[in-house]
Number of protein chains: 2
Amino acid sequence: MPSPLGDKIRALRKNKRMSLDQLADLTDSSKSYIWELENKDDPKPSADKIGKIAVALEVTTEFLLTESSVTPDEAVLDEAFFRKFKAMSEPDKKKIRRIIDAWEDE
Amino acid sequence: MPSPLGDKIRALRKNKRMSLDQLADLTDSSKSYIWELENKDDPKPSADKIGKIAVALEVTTEFLLTESSVTPDEAVLDEAFFRKFKAMSEPDKKKIRRIIDAWEDE
DNA sequence: CGACATCGTTCGGCGTACCGAACAATTCGG
DNA sequence: CCGAATTGTTCGGTACGCCGAACGATGTCG
């Protein structure tokens, strides 16, 4: 019944040995709501709350929200690719972006 | 009366020559709601909506929520591109990597 | 064991995020 | 210029994010 988001919040919170109350205080929330985020079926918090929770738990909002279903090996390759890409000139990057966009119409 | 978030969404949307309807479709929203985000006083969208809007407009959620300029800088575009790349299938990624590698022998 | 503190859980209700459908404005081919 | 798309705006209603306060569990110290 809990969601991936809920699992991450609970894991990070317990890892920091925080109570629901403490995390609630840090995030301008109620502890009942933090509990809901951790245990309810498919929580859809506001961007505002997620931002504050990410700060309190010292992670990025991306990490909290994305499924992270990529295998580690693949993630390493992705990072390597990203480094190369960032090193390119802006006009070249623009061309690459166009290629990727065209890709999506199989 | 509009908010910084609203200004960014409108600027990015028009830059891509999208209508409210088109952006709404891409983000599982209604056009009336997109209009509210762009024009209302202090919109507080869900993390879900902001995430989808960021993908559709090819920027990061960080940029939408925190940054002050309405035009994303190169780093933001890079991150958005990287997110798209990561979502692709591994065979497709392999092809893209080849393209990038070939690029480097000007 | 009992009393007190601290943590987690439940629940009723208020406010608002978000919607659909109708209306107003703008664009554009004939 | 006229209609018909296409875009943007307004508005009433509904679902649910988020809350406070009460309740149950668990632990700790005498």
Side-chain angles (χ1 to χ4, degrees), chain A residues 1-68 101 105, chain B residues 1-67 70-72:
Chain A
M1 186 135 180
S3 64
L5 171 62
D7 291 338
K8 285 181 200 161
I9 293 179
R10 187 180 18 262
L12 290 166
R13 175 174 66 82
K14 294 204 159 162
N15 188 41
K16 289 185 179 301
R17 258 148 249 159
M18 262 187 241
S19 69
L20 292 173
D21 254 327
Q22 291 170 336
L23 182 54
D25 280 348
L26 289 176
T27 58
D28 301 317
S29 308
S30 65
K31 69 172 170 178
S32 55
Y33 184 56
I34 300 290
W35 183 86
E36 284 185 18
L37 289 186
E38 290 185 357
N39 298 289
K40 262 182 54 177
D41 202 20
D42 181 32
K44 279 172 193 159
S46 68
D48 189 46
K49 293 292 176 192
I50 280 290
K52 287 173 178 170
I53 291 172
V55 169
L57 297 178
E58 300 180 289
V59 293
T60 85
T61 69
E62 301 293 326
F63 171 74
L64 287 179
L65 296 177
T66 68
E67 294 288 324
S68 180
D101 286 344
D105 331 317
Chain B
M1 187 124 179
S3 66
L5 171 63
D7 290 338
K8 285 182 211 161
I9 294 178
R10 189 180 320 100
L12 291 166
R13 176 176 64 83
K14 295 208 158 164
N15 187 41
K16 289 186 180 304
R17 257 147 248 157
M18 263 187 245
S19 69
L20 291 173
D21 253 326
Q22 290 171 336
L23 182 55
D25 279 350
L26 289 175
T27 57
D28 300 316
S29 308
S30 64
K31 68 173 170 176
S32 54
Y33 185 55
I34 300 289
W35 183 87
E36 286 185 17
L37 289 185
E38 290 186 357
N39 298 289
K40 262 182 58 175
D41 203 19
D42 181 33
K44 279 173 190 155
S46 69
D48 188 47
K49 292 292 176 191
I50 281 290
K52 286 173 178 170
I53 291 172
V55 169
L57 297 178
E58 301 180 287
V59 293
T60 69
T61 70
E62 307 293 329
F63 169 76
L64 288 180
L65 295 177
T66 71
E67 228 155 305
V70 295
T71 56

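Chain letters run A, B, ... following the sequence lines, proteins first, then strands; residues in each count from 1.
- Across the protein-nucleic acid pair, A:E36 atom CD and D:dC16 atom C1' stand 10 Å apart, rounded to whole Å.
- The separation between A:K40 atom NZ and D:dC19 atom P is 12 Å, rounded to whole Å.
- The stretch residues 3-19 of chain B does not touch DNA chain C, since none of its heavy atoms comes less than 4.0 Å from the strand.
- Annotation: side chain of B:P45 is in contact with side chain of B:L5 (closest heavy-atom distance under 4.5 Å).
- Side-chain atoms of A:P2 and A:K40, non-hydrogen and from C-beta on, never get closer than 4.5 Å to each other.
- When rounded to the nearest whole Å, the span between CG of B:L23 and P of D:dG8 equals 10 Å.
- Between A:D42 atom CG and D:dA15 atom P the separation is 17 Å, expressed in whole Å.
- One atom, CD1 of B:I34, and another, P of C:dA17, lie 14 Å apart when rounded to the nearest Å.
- To the nearest 0.5 angstrom, A:Q22 atom CD is 7.5 Å from A:L26 atom CG.
- Taking all atoms of both residues into account, the shortest heavy-atom contact from A:D21 to A:K31 is OD1-CD, 3.5 Å.
- Taking only side-chain nitrogens and oxygens, B:W35 comes nearer than 4.0 Å to OP1 or OP2 of D:dT9.
- Scanning residues 44-56 of chain B for heavy-atom distances under 4.0 Å to DNA chain D yields an empty list.
- Of the inter-residue distances, the one linking A:I9 atom CD1 with A:L64 atom CG reads 6.0 Å to the nearest 0.5 angstrom.
- A donor N or O paired with an acceptor N or O is not found under 3.5 Å between the base of C:dG20 and the side-chain atoms of B:S30.
- Interatomic distance, OG of A:S29 versus CG of A:L23, reported as 7.0 Å (0.5 Å rounding).
- As rounded to whole Å, 10 Å separates atom P of C:dG8 from atom CG of A:N39.
- When heavy atoms are screened at a 4.0 angstrom cut-off, B:D28 is found touching the sugar-phosphate backbone but no base atom.
- At least one donor-acceptor pair closer than 3.5 Å links the side chain of A:N39 to the backbone N or O of A:W35.
- In this model, no side-chain donor or acceptor of A:Q22 finds a partner on the base of C:dC7 within 3.5 Å.
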Side-chain donor-acceptor pairs under 3.5 Å in residues 51-60 of chain B, sequence neighbours left out?
| residue | atom | partner | partner atom | Å |
| --- | --- | --- | --- | --- |
| B:K52 | NZ | B:D28 | OD2 | 3.0 |
| B:E58 | OE1 | B:K16 | NZ | 2.6 |
| B:E58 | OE2 | B:K84 | NZ | 2.5 |
| B:T60 | OG1 | B:E62 | N | 3.4 |
| B:T60 | OG1 | B:F63 | N | 2.9 |

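- In this structure, B:D21 places its CG atom 11 Å from P of D:dT6, rounding to the nearest Å.
- Taking the side chain of B:K31 as heavy atoms from C-beta on, and the options D:dC11, C:dT9, C:dA22, the nearest nucleotide is C:dA22.
- Distance, A:D41 CG to C:dT9 C1': 17 Å, rounded to whole Å.
- Without hydrogens or angle criteria, A:S32 side chain to A:S30 main chain gives no donor-acceptor distance under 3.5 Å.
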